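Presented below is the structure to which this report refers.
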Amino acid sequence: MIWNDEFETLPREALESLQLKRLQNVATRVYNMVPFYRQKFDAMGIKPTQIKSLKDLGRLPFTLKQDMRDNYPYGLFAVPLAQIVRIHASSGTTGKPTVVGYTRRDIDGWSELMARSFVAAGAHQGDVIHNAYGYGLFTGGLGAHYGAETLGASVIPMSGGNTKKQIMIMQDFGSTVITCTPSYSLYLAEVAKEEGLDVRNFKLRIGILGAEPWSESMRREIEEKLNIKAIDIYGLSEILGPGVAIECVEAQNGLHIWEDHFLPEIINPETGEVLPWGEKGELVITTLTKEGIPLIRYRTRDITRIIPEPCICGRTHVRLERMSGRSDDMLIIRGVNVFPSQIESVLFNIEGVEPHYQLIVDREENLDTLEIQVEVNEATFSDEIKVLQDLSEKIRKEIKDLLGITCKVRLVEPKTITRSEGKAKRVIDKRIK
Ligand code: DLL
């Protein structure tokens with residue numbers, strides 16, 4: 001099923017000419033309305049009228065998260081505040097939040113993209129969508145909510161937290177779709193089990209999971225534990241919120257980015273050089289239709305590649321490979337680049353290990369150290385010491401083989417690692433004071 005047949009299956013040529021028209025339009029708007037962009041364009045000696053083909057995108061300036069901070073709170077808005085009907089913000093770890101504003105048309109556009117995303121994930125009218133993304137400044141809750149209503153499904157605005165109640169509602173209300181972070185979906189299953197319930201027997205069919213990096217092995221774990229199809233959804237507040245890209249249920253392999261609204265590029269994060277499609281690097285997105293806060297070549301810091309091959313679902317929009325993580329989450333341990341998701345895929349393929357872990361990075365006598373704390377299941381935990389020793393040795397060896405780094409493994413008792421209701425915190429880097 002496709003929500004917007006006309007746009008989702010546009011032949012490549014028509015899609016690209018639409019993109020060019022929209023790019024020219026957005027460049028003109030930001031040049032006229034946002035002093036930050038006018039200065040940047042002028043400094044680079046480029047006028048919006050000089051954009052003649054999509055290749056000219058490369059002549060436009062990048063936008064960084066820092067630029068949003070520098071223009072806090074409304075400096076990058078391209079319309080007067082009187083036309084903004086919604087404001088969201090992403091908390092970030094340091095300093096002021098990044099603020100985004102939506103016009104009425106932006107909200108309509110976002111709702112449509114979320115409706116498209118739900119349908120791509122296999123949801124439809126008649127579904128009961130249990131929305132456990134947080135409502136508030138975070139875009140997850142309201143973004144999914146409006147999309148679910150636009151789709152015509154019945155949405156339960158649960159928000160995050162209150163896990164036992166979530167489970168009761170999910171069971172009693174017959175929720176068929178769950179929207180939350182992947183880590184929270186596993187937590188829900190775990191708490192249900194403690195309550196003597198098996199989520200596998202609920203009516204849930206689909207999980208639309210995102211807002212944090214996760215691995216293919218974690219997907220298998222979720223699909224098994226909840227008896228659902230787990231679909232990866234990607235987005236970020238700066239660009240839209242949830243619904244920038246999503247996997248289709250037909251292929252479950254790569255996330256279609258809605259190219260009539262977003263222009264993706266992949267760059268080398270070190271040099272800023274644009275890489276050919278298919279190569280891995282940092283995702284850069286230009287918004288083509290947003291009015292409130294259009295962004296030119298926004299550097300997402302997320303690492304992925306573009307999959308240009310056509311998809312079996314019939315959508316013509318390219319796919320992004322599952323995010324490997326953020327370039328700023330990438331750990332450099334004794335010079336080796338490591339993404340937490342790589343460690344996750346090792347852990348989740350090992351028998352006896354539970355899908356809850358944390359990575360502690362530190363420095364001892366000028367040498368980086370990595371400790372992996374991972375929970376083991378009850379049965380394994382009460383096993384003999386020898387069994388536990390063999391298990392941690394196995395993990396250590398597999399990490400060494402895959403990533404070439406030596407680590408310390410600490411097997412911990414079930415349920416000792418803090419559970420998150422939103423984005424999981426996987427890394428504690430003690431080197432950063
Ligand atoms: O997390 C929006 C969202 C809500 C997406 C609900 C999906 C579902 P922010 O809080 O601004 O917005 O965080 C955006 O989260 O740059 C990525 O690093 C990460 N992220 C989001 N989705 C995925 C995903 C929302 N599917 C940041 N896989 C992004 C990996 C993801 N990382």
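Small disclaimer: the values here were computed from a predicted structure and weren't measured. Order of listing sets the numbers, starting from 1, for every ligand and every atom in it.
Tested against R305, the residues E279, E321, E265 include a single salt bridge (charged side-chain N to carboxylate O under 4.0 Å, His left out) partner, E321. The side-chain contact (heavy atoms from CB on, under 4.5 Å) with Y37 is formed by just one residue from the set D67, V30, L60; it is V30.
Among all protein heavy atoms, the one lying closest to atom 31 (C) of ligand 1 is E212 N, 3.7 Å. Looking at atom 16 (O) of ligand 1, its nearest protein heavy atom turns out to be D302 OD2, 2.7 Å.
Listed by atom number, the atoms of ligand 1 under 4.0 Å from K423 heavy atoms are 1 (O), 9 (P), 10 (O), 13 (O), 14 (C), 15 (O), 25 (C). Residue D232 approaches ligand 1 through these ligand atoms, each under 4.0 Å from one of its heavy atoms: 24 (C), 26 (N).
In this structure, the side chain of Q19 engages the main chain of E259 through a donor-acceptor pair within 3.5 Å.
With sequence neighbours excluded, the residues forming a ring pair (Phe, Tyr, Trp, His ring centres under 6.0 Å) with H317 are W258, listed by chain and number. Judged as a side chain to side chain contact (heavy atoms under 4.5 Å, CB included), and not counting sequence neighbours, the contacts of F62 are I267, V284, R297, R299.
Not one N or O of F138 is nearer than 3.5 Å to an N or O of ligand 1, by distance alone.
With a 6.0 Å cutoff to the six-membered ring centre and a 45° limit on the axis angle, K290 counts as a cation-pi contact of Y102.
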*asked:* Could you walk me through whether S215 and E344 satisfy the side chain to side chain donor-acceptor pair (under 3.5 Å) test, starting with their C-alpha distance in whole Å, then the side-chain angles of each, then the deciding distance to 0.1 Å, before giving a yes or no?
replied: CA-CA 7 Å; S215 61; E344 179 176 301; 2.5 Å; yes
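With P182, S327, S237, G325 as candidates, the residue nearest to atom 9 (P) of ligand 1 on a non-hydrogen basis is S237. Looking at G241, G235, S90, A211 and measuring to atom 14 (C) of ligand 1, the nearest heavy atom belongs to G235.
Within the structure, ligand 1 lacks R322 among the residues with a heavy atom less than 4.0 angstrom away.
Only the side chain of T139 comes within 4.0 Å of ligand 1, counting heavy atoms alone; its backbone N, CA, C and O stay farther away.
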